[in-house]
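Have a look at the structure below, then the notes.
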Amino acid sequence: MDCLFCKIISGEIPSSKVYEDEYCYAFRDINPQAPVHILVVPKCHIESADVICGGNSLYVAKVFEAIPKIAASESLSEGYRVITNIGKHGCQSVKHLHFHILGGKQLSEKMD
Ligand code: 5GP
Ligand code: ZN
């Protein structure tokens with residue numbers, strides 16, 4: 001499958017790894033929007049959060065178990081934001097489910 005994040009998970013495309021376990025992989029965004037900008041992806045190809053279901057939700061749960069560990073390792077004790085973009089209106093550019101962790105500064109209240 002021609003998927004950028006599947007290739008990053010497999011190591012075919014290099015990335016700056018932050019965390020990895022059996023279910024998920026986390027790496028630094030190539031175009032950071034905050035001092036800390038990490039992408040967390042499940043190690044199975046799920047197109048977006050719009051297709052989360054009983055058959056793949058274990059991977060999503062494991063991603064959310066990993067996020068606090070990653071936040072602690074990045075010293076985000078003052079808080080952070082987790083975002084997932086879905087489809088065209090959500091401006092999803094990579095069609096492999098990913099959660100952005102943004103932090104390291106006071107983020108804006110704006111959500112759009
Ligand atoms: P989306 O817009 O789909 O929510 O987020 C995709 C993210 O992937 C963007 O923030 C973009 O900067 C990041 N990205 C795109 N290509 C690469 C890449 O090759 N390596 C890394 N580390 N991040 C990438
Ligand atoms: Zn993929």
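As the structure lists them, so they are numbered: ligands from 1, and atoms in each ligand from 1.
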Exercise for the section: Out of I8, I30, I83, indicate the one that has the non-hydrogen atom closest to atom 14 (N) of ligand 1. Expected result: I30
Exercise for the section: Just go through V94, D29, L4 and tell me whose heavy atom is the nearest to atom 7 (C) of ligand 1. Expected result: D29
Completion exercise
Given the options V36, L76, V40, I70 meets side-chain contact (heavy atoms from CB on, under 4.5 Å) only with V40
Exercise for the section: Compute the centroid of each ring, for F5 and then for Y25, and state whether the two points are separated by less than 6.0 Å. Expected result: no
Proximal ligand 1 atoms for [X], defined as those under 4.0 Å from one of its heavy atoms:
X: N31; result: 12 (O)
X: F27; result: 21 (C), 22 (N)
X: F5; result: 8 (O)

Is [X] close to ligand 1, meaning an N/O of one under 3.5 Å from an N/O of the other?
X: C91; value: yes
X: S93; value: yes
X: H37; value: no

Handout entry: Non-hydrogen atoms of P35 and G104 that approach each other most closely
Key = CG-O, 3.6 Å
Completion exercise
Heavy atoms of A49 and I86 approach each other most closely as CB-CD1, 3.6 Å
Do [X] and [Y] have side-chain heavy atoms sitting under 4.5 Å apart?
X: D2; Y: K7; answer: yes
X: V18; Y: R28; answer: yes
X: H96; Y: I9; answer: yes

Exercise for the section: Quick one: pull up CG in L97 and CG in N56 and give me the separation to the nearest 0.5 Å. Expected result: 8.0 Å
Fill in the blank from the handout: Within the 4.0 Å heavy-atom cut-off, what F99 brings close to ligand 1 is neither
Exercise for the section: Starting from atom 22 (N) of ligand 1, find the nearest protein heavy-atom neighbour and note its residue, name and distance. Expected result: R28 O, 2.9 Å
Handout entry: Any H98 heavy atom less than 4.0 Å to ligand 1
Key = yes
Practice task
Would you check whether H100 reaches within less than 4.0 Å of ligand 1, judged by its heavy atoms?
Solution key: yes
Problem - H45: its N/O/S atom lying closest to the Zn ion (ligand 2) (atom name) - result: ND1
Practice task
Output, in order, the C-alpha distance, side-chain angles, deciding distance and verdict of salt bridge (Lys or Arg N to Asp or Glu O under 4.0 Å) for K43 and E20.
Solution key: CA-CA 9 Å; K43 282 188 172 175; E20 182 174 19; 2.8 Å; yes
Exercise for the section: Can you tell me, to 10 degrees, how wide the angle at the Zn ion (ligand 2) is between ND1 on H96 and SG on C6? Expected result: 110°
